[in-house]
Amino acid sequence: MKLSGILCNTIKKTPLYDWHIARGAQMVPFAGWSMPLQYKAMGQVDAHNHVRKQAGLFDVSHMQQIILKQPKSSNFIHSILPVSYNQLTNTGSYSLILTEEGGIVDDCILTKWSDESWYLVTNAARSKEVANWLTNQQGRYQDETGESISIDYLESKKQALLALQGPKAAEVLARHSETSLKELYFGNVSQNLRLSGGANVHIARSGYTGEDGFEISVEERDAVAIADMLADGNPTIPIGLGARDSLRLEAGLCLYGNDLWENDLTVGEAGLAWTIAKDRRTEDQVTKFPGWGKVIPSLKLANMSKRRVGLTVEKGPAARQNASILNTNEEKVGHVTSGAPSPTLNQNIAMGYLPKEFASIGTKVLVDIRGRKRQAEVVKMPFVANNYYREGMGI
């Protein structure tokens, strides 16, 4: 996880900044925002384990929330993202923002609110790139169709975004919700969930930890009250970026800037072929998304030069970003993109890229960590099985 070194007078503050300070947060610059790394009451490892066993509340208000509107906005969405033509109403879909060359501008979550309105969440570190990309797509679409698209960036309205994560997240939220969560399954959303105290929020059953949980978009005026209500210490506590990073790594989830980037990386090599809907891969489409002609061939193994892989690494210092991955002849063949000790597994884990001939599960490699070559093995991801709440499960 990269902590950006940005001048203090340019750093933005989320609506919960003072709330974090009051709880003893160690604040650090991240993607242009002042964000909590951890809290004085609990170290990073204990915070990580708390989320795996109970529940934690994350402030993710630095993420970019965007509303796209137009009477025929579905046509626009399908011209810019590789999502299915099937209805996505009240369901969030992980997707990719792509260049005409098939490069990955960002990864995102898209939700269809109605035929005229879509909700998009993108990464803070890519906010300018995404905004420029959307502006270009907006202009192209208007030139081609004569129809205008409204793009509303919610940060300007100080919209907060909270993530309640962990096996007890549903229990916590249910205590404060006026609506049953029993049939809100992983990936489902509710646009107007009413919470105790009267606040209406947009809620998605999703997250970035591999655990059950919810992402809650809330107006700035209600953010502190809802954070107080959810992070009451029984069983929820506030959690910072440090544990968030180790949790997402255990879940095998990518961090843009580490595991994903724009140039010299294809969708197939990143292991994200599943994000390209099957009904978007054929020639006979109403419209094609940016980079279609480059992306579709990239999904074939024969056209991949490398693959994103998971690694377990022997005891000792953890492999970190840019550590070299070597073959058994000690020749460099790849590099680590994310790495950390896994508190859940009590083992060093990492993600990285290797030529496809070295990417098979069980392949033995070496990782150069501070000049010492340590034994590693390619393993299946996620490192820790997910605990998402799916249809057929009980609350």
Side-chain angles (χ1 to χ4, degrees), residues 14-20 51 54-69 73 87-93 109-121 150 152-209 211-239 388-391 393-395:
T14 78
L16 290 176
Y17 176 84
D18 292 336
W19 188 87
H20 297 307
V51 175
Q54 298 192 66
L57 186 70
F58 300 82
D59 179 8
V60 290
S61 303
H62 61 305
M63 303 290 284
Q64 185 166 245
Q65 301 178 72
I66 307 167
I67 305 296
L68 306 171
K69 290 183 178 180
S73 58
Q87 294 290 315
L88 291 174
T89 304
N90 294 327
T91 300
S93 176
I109 299 291
L110 173 73
T111 301
K112 181 179 181 181
W113 281 355
S114 70
D115 288 337
E116 299 182 2
S117 181
W118 297 73
Y119 172 64
L120 186 67
V121 179
S150 168
D152 188 4
Y153 296 90
L154 296 188
E155 180 194 322
S156 63
K157 293 184 172 59
K158 298 294 184 181
Q159 191 86 356
L161 188 63
L162 307 177
L164 179 65
Q165 299 282 291
K168 295 187 178 180
E171 171 190 318
V172 172
L173 188 60
R175 290 204 302 260
H176 305 290
S177 171
E178 297 182 8
T179 305
S180 171
L181 305 173
K182 186 175 181 180
E183 294 184 2
L184 190 73
Y185 303 110
F186 176 71
N188 292 162
V189 302
S190 175
Q191 283 183 247
N192 292 294
L193 186 77
R194 189 174 179 85
L195 298 180
S196 302
N200 287 316
V201 301
H202 170 269
I203 188 168
R205 196 151 198 170
S206 62
Y208 196 47
T209 64
E211 292 293 336
D212 184 25
F214 306 87
E215 293 193 340
I216 305 164
S217 181
V218 55
E219 292 184 34
E220 178 184 27
R221 65 185 182 188
D222 296 318
V224 169
I226 290 176
D228 279 338
M229 182 172 66
L230 297 178
D232 59 4
N234 184 29
T236 318
I237 60 172
I239 306 289
Y388 302 134
Y389 176 70
R390 301 187 185 278
E391 192 168 358
M393 300 172 66
I395 269 186

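Computed from a predicted model, the values in this text were never measured in an experiment.
Between W113 and H202, the two ring planes are tilted [angle within 30° to 60°].
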**Request:** Could you check T236 against Q54 for side chain to side chain donor-acceptor pair (under 3.5 Å), going step by step and ending with a plain yes or no?
**Result:** CA-CA 7 Å; T236 318; Q54 298 192 66; over 6 Å; no
**Item:** Residue pair S206, Y388: steps toward the side chain to side chain contact (heavy atoms under 4.5 Å, CB included) verdict
**Value:** CA-CA 8 Å; S206 62; Y388 302 134; over 6 Å; no
**Message:** One pair to check against side chain to side chain contact (heavy atoms under 4.5 Å, CB included): L173 and L181. What are the steps and the verdict?
**Reply:** CA-CA 8 Å; L173 188 60; L181 305 173; 3.9 Å; yes
**Message:** The test is side chain to side chain contact (heavy atoms under 4.5 Å, CB included); show your working for R175 and D232 and say whether it passes.
**Reply:** CA-CA 12 Å; R175 290 204 302 260; D232 59 4; 3.4 Å; yes
**Request:** Given side chain to side chain contact (heavy atoms under 4.5 Å, CB included), test I67 with S117 step by step and report yes or no.
**Result:** CA-CA 7 Å; I67 305 296; S117 181; 3.8 Å; yes
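Note that CD1 of I216 is 4.5 Å distant from CD1 of I203, once rounded to the nearest 0.5 Å. Here the CG atom belonging to L120 is positioned 10.5 Å from the CG atom belonging to L154, to the nearest 0.5 angstrom. Rounding to the nearest 0.5 Å places NE2 of H176 at 12.5 Å from CG of L193. Remark: H62 NE2 to L161 CG distance equals 9.0 Å, nearest 0.5 Å.
Taking each heavy atom of I237 and G233 in turn, the nearest pair found is CG2-CA, 4.1 Å. Between Y119 and Q65, the closest heavy-atom pair is OH-OE1, 2.7 Å.
Using a distance-only test at 3.5 Å, with no hydrogens or angles considered, no donor-acceptor pair links the side chain of S177 to the main chain of L195. Of the possible polar contacts, one joining the R205 side chain to the L184 backbone as a donor-acceptor pair under 3.5 Å is found. In this structure a side-chain-to-backbone donor-acceptor pair under 3.5 Å is present from Y389 to K182.
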Give the table of side-chain donor-acceptor pairs shorter than 3.5 Å for residues 218-231, with sequence neighbours excluded, one pair per line with atom names and distance.
unit_1	atom_1	unit_2	atom_2	d
E219	OE1	R221	NE	3.3
D228	OD1	W19	NE1	2.7
D228	OD1	R23	NH2	2.7

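Residues K168 and D212 are not paired through a salt bridge, judged by the lack of any N-O separation under 4.0 Å between the basic side chain and the carboxylate.
Using modelled atom types, one finds no donor on one side chain facing an acceptor on the other under 3.5 Å when comparing E116 with S73. For the residue pair Q64 and Y153, no side-chain donor N or O sits within less than 3.5 Å of a side-chain acceptor on the partner. Checked by atom type, the side-chain pair S196/E178 shows no donor-acceptor distance below 3.5 Å.
Between H20 and T14, the closest side-chain pair of non-hydrogen atoms falls below 4.5 Å. Counting heavy atoms from C-beta on, the side chains of V51 and F58 come closer than 4.5 Å. Contact of the W118 side chain with the K112 side chain is registered, since non-hydrogen atoms from C-beta on lie closer than 4.5 Å. Using a 4.5 Å heavy-atom cutoff, the side chains of L57 and L162 are in contact.
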